[in-house]
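Each ligand, and each atom within it, is numbered from 1 in the order the structure gives.
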Amino acid sequence: MNDYIPTQIEPKWQAKWEADGLYHSDIDPQKPKHYALTMLPYPSGDLHIGHWYAMTPADARARFMRMNGYNVLFPMGFDAFGLPAENAAIKRGIHPKKWTYKNIENMRRQMKTMGAMFDWRREAVSADPEYYRWTQWFFIQLYKHGLAYRKMSPVDFCPHCNTTLAREQVWGDDRHCERCGTPVIKKDLDQWFFRITRYADELLNYAGMDWPERVRTLQTNWIGRSEGASVIFKTVPPSPIGTSARQGRRAEGEGDAIEIFTTRPDTLWGATFMVLSPEHPLVEKLTTPEHREEVEAYKKQAARQSDIEREAIDKEKTGVFIGAYAINPVNQAKIPIWIADYVLMTYGTGAIMAVPAHDERDFAFARKFGLKVIPVIQPEGIADLDGETMEVAYVGGGHMINSAHFNGTAVNEEKGRNNPGIIAVIDWLARQGIGREAVTYKLRDWLISRQRYWGAPIPMVYCQKDGWNPVHDDELPVLLPDDVEWKPTGESPLKLHPIWKQVKCPVCGETAMRETDTMDTFMCSSWYHLRYLSPKYDEGPFDEAEYNYWMPVDTYTGGIEHATMHLMYTRFFHKALRDMQITEGSEPMVQLRNQGMVLGEDHEKMSKSRGNVTAPDDLVQRYGADAVRSYLIFFAKWDMGAPWNRTGIEGTYRWLKRVWALVTETADVMPETRTDLGFFSADTPMDDIYDSMMTRQEGIQNTRRTLRRKVHQTLKQVTRDFEQFEFNTIVSGLMELLNEMYKAREAGGIVGHPEWFEAVDLYLRMLAPVCPHIAEELWQTIGKPYSIHTQPWPKVDEAATREDEITIPVQVNGKLRDRLVFPADASEEVIRAAVLASETIRKYLDGRTPKKVIVVKKKLVSIVV
Ligand SMILES: [Zn+2]
Ligand SMILES: [Zn+2]
């Protein structure tokens with residue numbers, strides 16, 4: 001018997017599987033397909049334990065599906081463009097391309113040590129020109145369909161990375177750059193956007209999607225749909241110069257219209273002031289001379305704060321009156337206009353009506369600045385609200401008051417059309433022509449321009465005469481030049497290239513200029529699952545035959561941190577492509593599962609600076625890939641994650657050594673060579689031998705039956721666990737079963753019998769998805785045909801899983817009085833009769849006839865006397 005030495009068997013099988021193309025997945029109409037996709041990594045250097053935690057359980061599940069008869073596609077690739085690669089390259093002074101491709105090579109090698117069933121023929125690398133040619137082509141399709149547009153807009157800009165960031169890449173209360181932690185600043189730039197907002201409502205529909213509730217909630221909140229009304233307030237025009245209100249002359253001309261959005265149109269009569277964002281374009285115009293200085297100072301102060309600081313509920317309210325007034329359109333009340341930093345220009349219209357009686361922030365503001373509070377919703381059953389004495393805003397339901405002919409209208413706590421007060425007011429506003437029903441979203445269009453080098457060039461050309469036009473399809477890809485000063489200067493590096501940007505206009509042929517920004521890498525990763533289908537195909541982004549067979553993705557796995565970025569973008573992308581007749585169906589990924597995070601041993605996020613990083617390469621060297629895989633599957637609930645424990649892996653390694661020992665020790669035992677009854681001496685009396693043989697036979701029968709039961713019970717549990725992504729109990733189930741197998745061997749009379757062969761056979765097949773190498777090696781050791789990975793998943797023998805005996809507790813008048821043992825198949829009648837005949841129970845009945853004897857599902861007998 002050899003020792004278990006993973007470093008000897010693992011590379012051997014990896015090489016053989018690769019040479020045999022064991023994991024190639026090709027279209028096979030005879031088989032049901034299963035597209036298992038796991039998120040592709042950034043080529044940031046070395047694989048870390050988080051990659052293993054994401055990929056190896058996903059691989060085990062893909063293998064399980066394959067053993068269940070599915071034709072499984074499990075591809076891998078690299079999200080190769082983008083900031084992480086570029087920043088790292090800058091730090092080390094190496095060209096980003098060289099650095100990225102070197103990392104890809106290294107990580108591909110490291111990934112191969114996992115023994116995963118990746119089909120490497122389908123590898124896609126987003127920085128390859130054959131890939132980004134189609135990323136650019138998609139951009140052009142979006143542009144042609146009005147879904148890509150260019151707009152000057154203030155953008156979040158990281159002064160350290162020298163680039164624009166998407167809203168999702170700005171993190172934390174201090175609004176820092178996701179990549180480098182530097183606080184972001186605002187900058188006005190001409191940028192390209194994708195019109196994701198056009199799909200806001202559709203993105204809120206998750207019908208037919210098996211996605212975690214958490215992700216759906218995050219997306220829903222991110223989209224931030226609110227129903228309400230849009231209402232126009234007019235400003236009171238300033239008095240003409242040289243005249244004044246004192247002279248009794250009315251102000252001349254029309255006031256400016258200020259649109260506000262409110263989710264509470266039922267409280268319009270309580271609007272006692274208006275608040276504009278300090279950045280609102282009308283502030284400049286409306287501010288009266290005597291307030292100008294104060295307003296300017298306030299604007300400066302507001303600009304220094306982050307949106308999150310400004311919106312914080314508990315923040316001390318600040319603001320200044322700008323000297324102007326508006327007219328409340330429902331009751332013609334003249335209300336003062338203020339500016340305050342809690343109103344953001346980026347949400348809604350940058351203007352709000354303030355209803356202090358029924359909004360907490362407005363209330364705090366009104367009290368601080370002595371503004372009027374008029375209650376317009378009266379809660380039922382309490383004294384009338386008084387604006388002078390209210391201590392908090394009232395935000396609940398009741399009926400309308402101080403609201404002209406709406407007085408008495410019921411208001412509940414529902415939103416939009418589910419609220420009778422809101423419906424009544426919205427309909428009236430529309431009839432009056434002063435407002436309309438409206439919906440707003442927090443979702444903003446997707447900003448995709450990046451002033452960086454390492455990305456796919458945006459395939460657009462600007463001509464003085466013809467404006468912006470896309471590059472002709474036959475000129476794609478627009479290649480990213482290598483000879484660029486890629487260190488960040490704040491300008492797009494491509495702009496500084498001497499000749500790259502000069503090009504002929506696609507319309508008139510005159511000298512024109514290329515767009516010098518590159519695309520957000522989330523664009524590359526929005527469609528990578530399509531490129532995997534046919535990574536070398538050059539007549540389109542994907543081969544339609546492959547698309548028709550494999551799509552949609554059946555199971556997608558990855559981290560929850562992508563809930564509002566990648567997972568939203570890829571859904572938008574698919575829907576947009578659907579509307580352009582490029583793809584079919586509304587969703588790209590049917591099922592989504594998220595893994596948690598492997599923390600450092602100090603319970604902190606792993607990071608090089610903390611020194612709490614675990615390197616998978618070292619673990620593979622020491623314990624083998626199978627031990628690393630099974631430990632990662634075992635040590636935590638997959639969706640939760642857990643802190644790493646360096647001694648924990650020793651346990652799974654020991655388990656694999658015991659698997660190895662048991663299978664190899666019993667491998668050469670054939671059934672016909674076994675005589676478990678042959679160790680009596682010649683002088684043992686014949687009767688004794690006979691008795692002993694019978695007893696022993698019975699014992700062996702029991703051992704065999706018990707083992708077989710345990711095997712099928714484990715199989716049943718492991719099958720269910722794989723189906724439900726409950727990976728950790730798969731390994732613990734297999735560990736328990738191994739203990740039972742050892743016990744059975746100790747008891748004797750089992751090794752070499754059919755039950756034993758079945759146990760070993762099923763054990764290895766259950767082990768195969770988790771530990772593919774050792775399972776393959778032992779499969780060969782027991783003389784089974786190559787490969788275990790093409791074997792079918794075993795079927796559960798339900799009859800074998802049933803227990804022989806059941807123990808049923810018996811209660812008399814609710815008190816537990818006895819426990820009786822029955823054969824598992826005993827009928828209710830038999831149980832009832834036996835219970836009533838029991839000595840113990842007869843004692844408690846004490847001669848009385850029971851009123852009721854209830855047998856509850858063979859789990860409990862309850863007697864009432
Ligand atoms: Zn940064
Ligand atoms: Zn032109």
Cys180 backbone or side-chain N/O/S under 2.8 Å from the Zn ion (ligand 1): yes
If the cut-off is 2.8 Å, does any N/O/S atom of Asp466 fall short of it from the Zn ion (ligand 2)? yes
Where the Zn ion (ligand 1) is the vertex, angle from Cys161 SG to Cys177 SG to 10°: 110°
Would you call the rings of Phe139 and Tyr143 parallel, tilted or perpendicular, taking 30° and 60° as the class edges? parallel
Classify the ring geometry between His566 and Tyr556 as parallel (under 30°), tilted (30 to 60°) or perpendicular (over 60°). perpendicular
Which angle, to 10 degrees, forms at the Zn ion (ligand 2) with SG of Cys508 on one side and SG of Cys505 on the other? 110°
Tell me whether the rings of Tyr132 and Phe81 are parallel (<30°), tilted (30 to 60°) or perpendicular (>60°). tilted
Salt bridge flag under 4.0 Å for residues Glu105 and Arg108: no
